[in-house]
Amino acid sequence: MRDVCPPPFSSNYPHRLMIKALERQRSLLQLEFEHERDAFRRNALATQTATKVRRGICWFPLSTGRSYYNSLDQLVVEVRRTDSLDEDHNFEPGKPVCFFTQDASEQLHYMKFQAQVSYVEGDRMVVAIATSDAAAQLQNAERLGVELALDESTYRLMFEALDRVIHAKDSRLAQLRDICHAGAPIHKYTFLPQRFPWLNPSQEQAVNEVLWAKDVAVVHGPPGTGKTTTLVEAIYETLHRETQVMVCAQSNMAVDWIAEKLCDRGVNVLRIGNPTRVTDHMLEQTYERRFENHPHYSQLWAIRKAIRDLYASRRHGTQESFQQKVNRLKDRATELELSIQQQLFDEARVIACTLTGSAHRLLTGRRFGTLFIDEAAQALEAACWIAIPKADRFILAGDHRQLPPTIKTLQALTHGDDIGLDHTLMEVIVEAQPRAVSLLNVQYRMCDAIMQFPNREFYHGALQSDPSVKYRGILDWDTAVEWIETPPPSKEQERTKTTLPACTADSSTWEQGNGWGESLDGLSRTNPFEAELTVRVLQQYFEKIGKERLLAERIDVGLISPYRGQVRLLRQLIKRDNFFKPFRSLISVNTVDGFQGQERDIIVISLVRNNEEGQIGFLRDLRRMNVAITRARMKLILIGDKQTLCHHPFYRRLAHYIDNSEY
């Protein structure tokens, strides 16, 4: 094995421009932080509790359960929402929360401590708190509620990471920064390519490029091309050459997904941090569960309990003897804890965590040969730089033509030549180091008719359908892609609103001016007539397929809307319609973001927007539409007003493709 060493990197590159670009990232991140902080404070003070519950940032009312010390010696309290009404929520492990009580006049009184979500399942949540006084305060409270608090720690970690990158000199971090931002040459090993007969040629090439990379590599995986399969193989092969690697992603869900696939291959994975959706399979891999299952844990627990008992009975004995006993016990507890921790890390081949989780105290001072970042196109660049300093090289996997990071302030987005926070590190490397990028070009999800339009729009026609999926469909002589026009409401409907569910029939439902059926509920939009049309279209298609076949073949369906308000409305309509009762387990209703990484046999997209001005809001974010369209395996139905949407050239081309394609 030998290195491929390109010519020395020219020092004439305007270093200050690179630093200026990173400093701009920092200033935009500061804008995003200030925007989120100010918006959070305004909403906390001005928004009614019922609205917060509906938006998924609050649980009220709550009942409290037991308090206890978990395996990490954290004091935790169980709480349960008693009136969930099937509302979605945004509570996840690791997020900070604050508690409040609500008096008879609906005035909120916030408690003076913050807590952190430890575990969430259904209507039950476990939160870690600092003191037993806080636990007692919660358990004695009446009309108790909890809401998400602003997570300033994540921003702090990103600011610190950017500062380290900006000021790095004569270090591996400085070299990796120059490779990403300054186009410094990348280095590769040269050895004969490995053969993986179970992979297709583009996947095999991508795995080899990962093994050859000495600095950085990118696995670009468009929808359905087996990106996860390729990444797992690359990690597995890397472990033949390295003792341990780190695997990160932006979200807990993405970390759990890749970690579970590695576990299925027999890899020893140590999951740092609690998974968002803790399956029994993944729970066994978490540090917390491994720690409490260790043979020495019962001894450690007994020592910790003895320390608490000593403090509880402190009045007995002299101060000197008390302190000696406590110090001896604390020393022994620390020794045991470090011993257990060292053994767990020594046994693990993969350390898995979120990007911000890589700053966990358990990982302080640890280094890895390789860092893998999955779903890198959804991560802020600053978040990636939290983890990168822990590794000698890093591998990014994802698709920068799908969902971007979530940015909440307009000023922080890309405008023209001004690069914004939505321009990710993956995009930076794709532009600066094209030879580091491996494109997976065979997709196994969509029939060819569904694939061709996004292939032309987003991937320069480079994708091809595997023969196993190219011509598949649900019905004979069916049209794989349809756009069903949303008709305007009748005058009777507009006057009486008789077709609307009770929860939406109010004065805020209608857009002012000549537009109809598009309402702003504070954070989202709805189009009630289109929602009803969507449900009717799905019912008609189900009737064509037949109940027996739907249930026998488990043909699954995804109802997607870019707007959370429309998603709520669609869920209500499906839930109250008896026709869908036998099929509810086959139907998922969610936003575009909620369907990232998923696929269904049938996808129906409600586009919502309908106005004479051609205003389409964030439907202009074409990467989200790429995600929505490419979830479908065999049938794609778009429902929306062409006159509104076709003001935008992308939707004009989409309508033309559907109207003129022969398949």
Side-chain angles (χ1 to χ4, degrees), residues 1 176 188-189 191 193-200 202-221 225-273 275 281-282 284-287 344-355 357-358 363 366-379 384 387-388 390-399 425-426 429 436-440 597:
M1 183 186 300
L176 293 174
K188 292 187 179 185
Y189 295 112
F191 49 78
Q194 306 295 300
R195 293 302 313 277
F196 306 101
W198 51 93
L199 301 179
N200 69 44
S202 68
Q203 293 171 336
E204 184 178 278
Q205 180 67 22
V207 173
N208 277 296
E209 290 292 345
V210 168
L211 299 178
W212 289 328
K214 194 174 182 182
D215 304 307
V216 61
V218 174
V219 179
H220 181 192
T225 55
K227 184 261 299 176
T228 300
T229 299
T230 306
L231 185 60
V232 168
E233 196 64 49
I235 295 169
Y236 192 77
E237 286 300 315
T238 301
L239 289 173
H240 290 166
R241 296 159 175 79
E242 300 176 19
T243 304
Q244 192 177 73
V245 301
M246 176 181 274
V247 176
C248 292
Q250 173 69 14
S251 68
N252 280 290
M253 189 182 301
V255 176
D256 291 344
W257 178 248
I258 193 73
E260 190 167 337
K261 295 299 180 184
L262 288 165
C263 289
D264 292 343
R265 290 289 295 269
V267 178
N268 188 326
V269 177
L270 184 61
R271 175 71 163 89
I272 305 299
H281 186 62
M282 273 314 302
E284 294 304 315
Q285 316 308 323
T286 61
Y287 178 84
L344 294 179
F345 275 93
D346 286 347
E347 293 172 351
R349 301 298 309 280
V350 170
I351 305 301
C353 59
T354 61
L355 290 166
S358 66
L363 298 173
R366 295 188 180 274
R367 282 197 64 81
F368 303 87
T370 305
L371 163 68
F372 292 88
I373 302 179
D374 194 15
E375 301 295 357
Q378 294 182 55
C384 292
I388 289 172
K390 292 185 175 295
D392 296 323
R393 65 173 192 146
F394 65 95
I395 313 298
L396 304 183
D399 181 10
L425 183 62
M426 182 171 177
I429 296 171
V437 181
S438 300
L439 173 69
L440 307 181

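Here the structure is a predicted model, which is why all the values come from computation and not from measurement.
To the nearest 0.5 angstrom, Q194 atom CD is 10.0 Å from H240 atom NE2. Within the model, atoms CG of L439 and CD of Q205 stand 11.5 Å from one another, a figure rounded to the nearest 0.5 Å. Once rounded to the nearest 0.5 Å, the distance linking OG of S438 with CH2 of W212 reads 9.0 Å.
When atom types are taken as modelled, the side chain of R349 and the backbone of L270 share no donor-acceptor pair closer than 3.5 angstrom. Of the possible polar contacts, none joining the Q244 side chain to the F368 backbone as a donor-acceptor pair under 3.5 Å is found. Although no hydrogens or angles enter the test, the distance criterion places no donor-acceptor pair under 3.5 Å between the side chain of Q285 and the main chain of A259.
In this structure, F394 and C384 have side chains that are not in contact, with every pair of non-hydrogen atoms separated by 4.5 Å or more. In this structure the side chain of L363 reaches within 4.5 angstrom of the side chain of I351, judged on heavy atoms. A heavy-atom distance below 4.5 Å is not found between the side chains of L211 and Y189. Looking only at side-chain heavy atoms (C-beta outward), V232 and I258 come within less than 4.5 Å of each other. Within the 4.5 Å cutoff, the side chain of L199 has heavy atoms near those of the E233 side chain.
Between D392 and R367 there is a salt bridge, since a side-chain N of the basic residue sits under 4.0 Å from a carboxylate O of the acidic one. The pair D215-K188 does not meet the salt-bridge criterion, since no charged nitrogen lies less than 4.0 angstrom from a carboxylate oxygen.
Residues satisfying the side chain to side chain contact (heavy atoms under 4.5 Å, CB included) test with A391, not counting sequence neighbours, are L371. Judged as a side-chain hydrogen bond (donor to acceptor under 3.5 Å, both in side chains), and not counting sequence neighbours, the contacts of E375 are K227, Q378. By the side chain to side chain contact (heavy atoms under 4.5 Å, CB included) test, T230 pairs with Q203, A206, V207, V219, L440, sequence neighbours left out.
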Requested in this report: Please assess L176 against V216 for the test side-chain contact (heavy atoms from CB on, under 4.5 Å), listing each intermediate value before the final yes or no.
Outcome: CA-CA 8 Å; L176 293 174; V216 61; 5.6 Å; no

Report task. Might you work through the side-chain contact (heavy atoms from CB on, under 4.5 Å) test for I395 and R393, ending with a clear yes or no? Result -> CA-CA 7 Å; I395 313 298; R393 65 173 192 146; 4.0 Å; yes

Requested in this report: Let me see the working for F372 and M246 under side-chain contact (heavy atoms from CB on, under 4.5 Å), right down to the final yes or no.
Outcome: CA-CA 6 Å; F372 292 88; M246 176 181 274; over 6 Å; no

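Across all non-hydrogen atoms, the minimal contact from A352 to V269 is CB-CG1, 4.0 Å. Counting all heavy atoms, side chain and backbone alike, L355 lies closest to C248 at CD2-CB, 3.7 Å. Closest approach of M426 and L396 over heavy atoms only: CA-CD1, 3.8 Å. Nearest heavy-atom pair, A217 versus E209, reported as atom, atom and distance to 0.1 Å: CB-O, 4.3 Å.
The side-chain tip of R366 points at the ring of F345 from less than 6.0 angstrom away and within 45° of straight on. For the pair K261 and W257, the cation-pi criterion (under 6.0 Å, within 45° of the ring axis) is fulfilled.
With no hydrogens or angles considered, no side-chain donor-acceptor pair links T286 and R271 at under 3.5 Å.
Here the options are V267, N268, L262, T370, the test is side-chain contact (heavy atoms from CB on, under 4.5 Å), and the partner is L239; only V267 passes.
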